[in-house]
Amino acid sequence: MIIADEPVSALDVSIQAQIVNLLRDIQATSGIAYLVIAHDLALVHEISDRILVMYLGRIVEEGAAAAVIRQPLHPYTVALLSATPTTDPAGRRQRIVLRGEPPSPIHRPGGCPFHPRCPIARDRCGADVPSLLPSPGGSRVACFYPGEMPSPLAVAGGLA
């Protein structure tokens with residue numbers, strides 16, 4: 001197993017592509033598994049079978065990479081995808097800018113850890129912690145209102 005923490009975040013785009021191709025080649029020839037830690041879900045989608053999205057150390061969404069990218073259910077996943085760069089001018093997305101600062105991991109808010117920054121949060125979100133439950137599409141999501149935020153990729157036509 002290779003653990004890669006933000007493996008291409010500080011690299012030029014052409015070098016990023018070379019690293020992704022190298023990771024794919026290594027995986028194809030050796031069968032090695034990767035644990036990729038990154039904010040760039042497009043990168044994770046390129047080299048992963050499954051995606052697990054975490055916020056403040058809690059899993060908020062988990063599922064097959066294609067399903068999580070195609071139909072994100074948790075508002076944090078939607079926000080991460082809205083920040084994915086695109087090379088297609090016609091496919092530009094409306095970036096979701098989260099309000100406020102991330103809470104302290106030492107002094108976590110009550111309820112859902114994402115509720116202070118969540119665009120669709122309601123009273124229940126500040127009081128109760130959502131369980132990670134299966135969704136109809138086969139993913140699992142920890143949200144009381146999964147899927148209420150439209151995917152920025154559905155509107156823009158996918159990842160570029």
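Computation of the quantities below employed the complete heavy-atom set of this structure, encompassing side-chain atoms and omitting hydrogens, waters and symmetry-equivalent molecules.
Across Pro113 and Pro116, no two heavy atoms sit closer than the pair O-CD, 3.5 Å.
Glu6 pairs by the side-chain contact (heavy atoms from CB on, under 4.5 Å) definition with Ser9, Ala38, His39, not counting sequence neighbours. Under the salt bridge (charged side-chain N to carboxylate O under 4.0 Å, His left out) criterion, Arg122 pairs with Glu148, not counting sequence neighbours. Applying the side-chain contact (heavy atoms from CB on, under 4.5 Å) rule to Ser14 yields the partners Asp12; only residues at least two apart in sequence or on another chain are considered.
Side-chain heavy-atom separations under 4.5 angstrom define the hydrophobic clusters, and the remaining members of the one that includes Ile37 are Met1, Ile3, Leu35. Membership of the apolar cluster around Leu73 extends to Val141, as traced through chained side-chain contacts below 4.5 Å between ILVMFWY residues.
Inter-residue side-chain proximity for Pro103 and Arg117 is flagged as met; some heavy-atom pair is nearer than 4.5 Å. Counting heavy atoms from C-beta on, the side chains of Leu98 and Pro119 come closer than 4.5 Å. Between Leu43 and Gln16, the closest side-chain pair of non-hydrogen atoms is not below 4.5 Å. Under the 4.5 Å side-chain criterion, counting only non-hydrogen atoms from C-beta, Ile15 is not in contact with Val8.
Other residues, nucleotides and ligands place more than 12 heavy atoms under 6.0 Å from the CD atom of Glu62. Within a 6.0 Å radius of CG in Asp25, other residues, nucleotides and ligands contribute more than 12 heavy atoms.
The distance from the CG atom of Leu80 to the CD atom of Glu61 is 10.0 Å, given to the nearest 0.5 Å. Taken to the nearest 0.5 Å, the CZ atom of Phe144 stands 11.5 Å off from the SG atom of Cys118. Separation of atoms OH (Tyr76) and SG (Cys143) is listed at 14.5 Å; rounding is to 0.5 Å.
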Under 3.5 Å, side-chain donor or acceptor atoms of residues 128-136 against the rest of the protein: list the pairs with distances, not counting sequence neighbours.
residue: Ser135; atom: OG; partner: Ser139; partner atom: N; Å: 3.3
residue: Ser135; atom: OG; partner: Ser139; partner atom: O; Å: 3.1

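At a threshold of 4.5 Å between side-chain heavy atoms, the hydrophobic network of Ile, Leu, Val, Met, Phe, Trp and Tyr places Ile59 and Val78 in two separate groups. Both Leu22 and Tyr34 are part of a single hydrophobic cluster, where members link through side-chain heavy atoms under 4.5 Å apart.
Taking the centre of each ring, His74 and Phe114 come in below the 6.0 Å mark.
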